[in-house]
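Side-chain atoms are counted along with the backbone in the values below, which use heavy atoms only and exclude waters and symmetry mates.
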Amino acid sequence: MDNILKINDLNVWLDDKLILENLDLSIKKCKITAIIGPSGCGKSTLLKSINRIIDEEKNSKVEGIIEFKHQDIRKMDKNVLRKNIGCVFQAPTPFPFSIYKNMIYALKYHGIYSNDDIKSVVEEKLKMVGLYEEVKDYLNMSALKLSGGQQQRLCIARTLTMEPEIILMDEPCSALDLNNTIKIEETLKKLSGNYSIVIVTHNLAQARRISDYTAFMMDGHIEEYEETEKIFKNPLKESTQKYIGGLIG
């Protein structure tokens, strides 16, 4: 199966502290990959490294190779990289203006000005996350008035306007209730037919429900990486067994 992203011997320091050490990982195209592991093991730092958000951190240092479609991301323009590799954060981050302006912000930034094109993209992406019918009559309403779950789905839709090939998600459901979590999970399953999704989650049941592959992290490196059912049914490493069994973490 094709790998859309390949990480080799990744080392990341923050304030002279080694966070990721000799990390190797390959991300499959159009699959959902879950990253699990104890708090502080480097999961979020890994996501930030994949689209170079880590570069914005003070006193960060990165060594190793991350290749997106066989191209070294360190040699790519950041805007081009982040257009292809979008990110949705733990807390919903709608911009403080209307739903519609949230949706067209990136389109305008990247020079897509045709009103017909914009309206079509806005409708299409809102439908993809199951939000269009809920907001179609209120597109000029402030996005901050939406519920938390609606805001998170808006952020996913906003990311989709750029047609990224990879979507990174850092605990996207941790602040949501069960109903909205189910909606987000259903959305991700649908999207994985066309997008490669990497999701960091502490929710082991969620990882098992929605992911095709699971990587277990500990102490800054990948302990085990395999098809999700194999990881959960027959983990090879003792550390993985203990984490899944609730003995560590």
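Using a distance-only test at 3.5 Å, with no hydrogens or angles considered, no donor-acceptor pair links the side chain of S192 to the main chain of I32. Panel note: side chain K43, backbone P38; a donor-acceptor pair is recorded below 3.5 Å. A donor-acceptor distance shorter than 3.5 angstrom exists from the side chain of Y243 to the backbone of G37, with no hydrogens or angles considered. Between the N203 side chain and the A205 main chain, a donor and an acceptor come within less than 3.5 Å of each other. A side-chain donor-acceptor contact under 3.5 Å links N102 to the backbone of S98. A distance-only check finds a donor-acceptor pair linking the side chain of R153 to the backbone of G130 [under 3.5 Å]. Panel note: side chain D9, backbone G64; no donor-acceptor pair is recorded below 3.5 Å. For the pair S211 (side chain) and T214 (backbone), a donor-acceptor distance under 3.5 Å is absent.
Ring orientation note: the planes of Y225 and Y213 are tilted relative to one another, at an angle of 30° to 60°.
Side-chain contact annotation: D170 with S44, donor-acceptor N/O pair under 3.5 Å present. Residues N3 and K28 have side chains that bring a donor and an acceptor to within less than 3.5 angstrom of each other.
The side-chain heavy atoms of F95 and M103, taken from C-beta on, include no pair separated by under 4.5 Å. In this structure, the side chains of Q152 and N180 stay at 4.5 Å or more apart for every pair of heavy atoms. Side-chain atoms of I27 and V198, non-hydrogen and from C-beta on, do get closer than 4.5 Å to each other. Within the 4.5 Å cutoff, the side chain of E57 has no heavy atoms near those of the T45 side chain. The shortest distance between side-chain heavy atoms of D219 and H221 falls below 4.5 Å. In this structure the side chain of N8 never reaches within 4.5 angstrom of the side chain of L10, judged on heavy atoms. The shortest side-chain heavy-atom distance between L176 and I184 falls under the 4.5 Å cut-off. For the pair E165 and Y195, the minimum side-chain heavy-atom distance is 4.5 Å or more.
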Run the side chain to side chain contact (heavy atoms under 4.5 Å, CB included) check on L131 and E134 step by step: do they pass? CA-CA 5 Å; L131 191 57; E134 298 173 30; 3.7 Å; yes
Between S239 and E223, does a side-chain hydrogen bond (donor to acceptor under 3.5 Å, both in side chains) hold up when you go through it step by step? CA-CA 8 Å; S239 56; E223 282 278 291; 2.4 Å; yes
Derivation and outcome, side chain to side chain contact (heavy atoms under 4.5 Å, CB included), residues V135 and L154: CA-CA 10 Å; V135 303; L154 174 65; over 6 Å; no
Could you check E67 against K69 for salt bridge (charged side-chain N to carboxylate O under 4.0 Å, His left out), going step by step and ending with a plain yes or no? CA-CA 6 Å; E67 291 184 333; K69 298 174 71 173; over 6 Å; no
Tell me, with the steps shown, if I104 and K108 meet side chain to side chain contact (heavy atoms under 4.5 Å, CB included). CA-CA 6 Å; I104 68 172; K108 292 285 189 180; 4.1 Å; yes
Pair K31-E227, salt bridge (charged side-chain N to carboxylate O under 4.0 Å, His left out): steps then yes or no: CA-CA 11 Å; K31 298 293 181 181; E227 292 178 6; over 6 Å; no
Show your working on side chain to side chain contact (heavy atoms under 4.5 Å, CB included) between I36 and L204 and close with a plain yes or no. CA-CA 7 Å; I36 62 172; L204 297 184; 3.9 Å; yes
Step by step, work out the side-chain hydrogen bond (donor to acceptor under 3.5 Å, both in side chains) result for E124 and Y132. CA-CA 8 Å; E124 177 192 6; Y132 183 71; over 6 Å; no
Could you go through E56 and R82, starting from their C-alpha distance and side-chain angles, then the distance that decides it, and tell me whether this counts as salt bridge (charged side-chain N to carboxylate O under 4.0 Å, His left out)? CA-CA 13 Å; E56 320 305 330; R82 291 170 185 170; 2.9 Å; yes
Assess whether salt bridge (charged side-chain N to carboxylate O under 4.0 Å, His left out) is satisfied between E229 and R208, documenting all intermediate values. CA-CA 7 Å; E229 276 307 294; R208 191 167 187 175; 3.2 Å; yes
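The shortest non-hydrogen separation linking N11 to E21 is OD1-CA, 3.4 Å. P172 and V200 get closest at one heavy-atom pair: CD-O, 4.1 Å. In terms of heavy atoms, I4 sits closest to S196 at CG2-OG, 3.7 Å. H202 approaches S39 most closely through the heavy-atom pair NE2-OG, 3.2 Å. The two atoms that bring T93 and R158 nearest to each other are O-NH2, 3.0 Å, heavy atoms only. Nearest heavy-atom pair across G86 and P164 is N-CB, 3.8 Å.
Annotation: K6, atom NZ; neighbour count of heavy atoms from other residues, nucleotides and ligands within 6.0 Å does not exceed 12. No more than 12 heavy atoms of other residues, nucleotides or ligands sit less than 6.0 Å from atom OH of Y138. Applying the 6.0 Å contact sphere to NZ of K78 captures more than 12 heavy atoms from other residues, nucleotides or ligands. The environment of CG in N79 is crowded: more than 12 heavy-atom neighbours from other residues, nucleotides or ligands sit within 6.0 Å.
Checked for salt-bridge contact, K190 and E186 miss the test: no charged N lies under 4.0 Å from a carboxylate O. With respect to K125 and E163, a salt bridge is recorded, a charged nitrogen being found less than 4.0 Å from a carboxylate O. Here K119 does not pair with E123 in a salt bridge; the nearest charged N to carboxylate O distance is not below 4.0 Å. In this structure, E133 does not pair ionically with K127, as no charged nitrogen and carboxylate oxygen lie closer than 4.0 Å. A salt bridge links R74 and D55; the closest N-O separation between the charged side-chain nitrogens and carboxylate oxygens is under 4.0 Å.
To the nearest 0.5 Å, the span separating SG on C173 from NZ on K183 amounts to 12.5 Å. Atom CD1 of residue I99 and atom CD of residue Q151 lie 9.5 Å apart, to the nearest 0.5 angstrom. With rounding to the nearest 0.5 Å, the separation of SG in C41 from CE in M218 is 8.5 Å. I35 contributes atom CD1, which lies 11.0 Å from atom OG1 of T201 (distance to the nearest 0.5 angstrom).
The side-chain contact (heavy atoms from CB on, under 4.5 Å) test with I7 is passed by exactly one of I222, I66, I73: I66.
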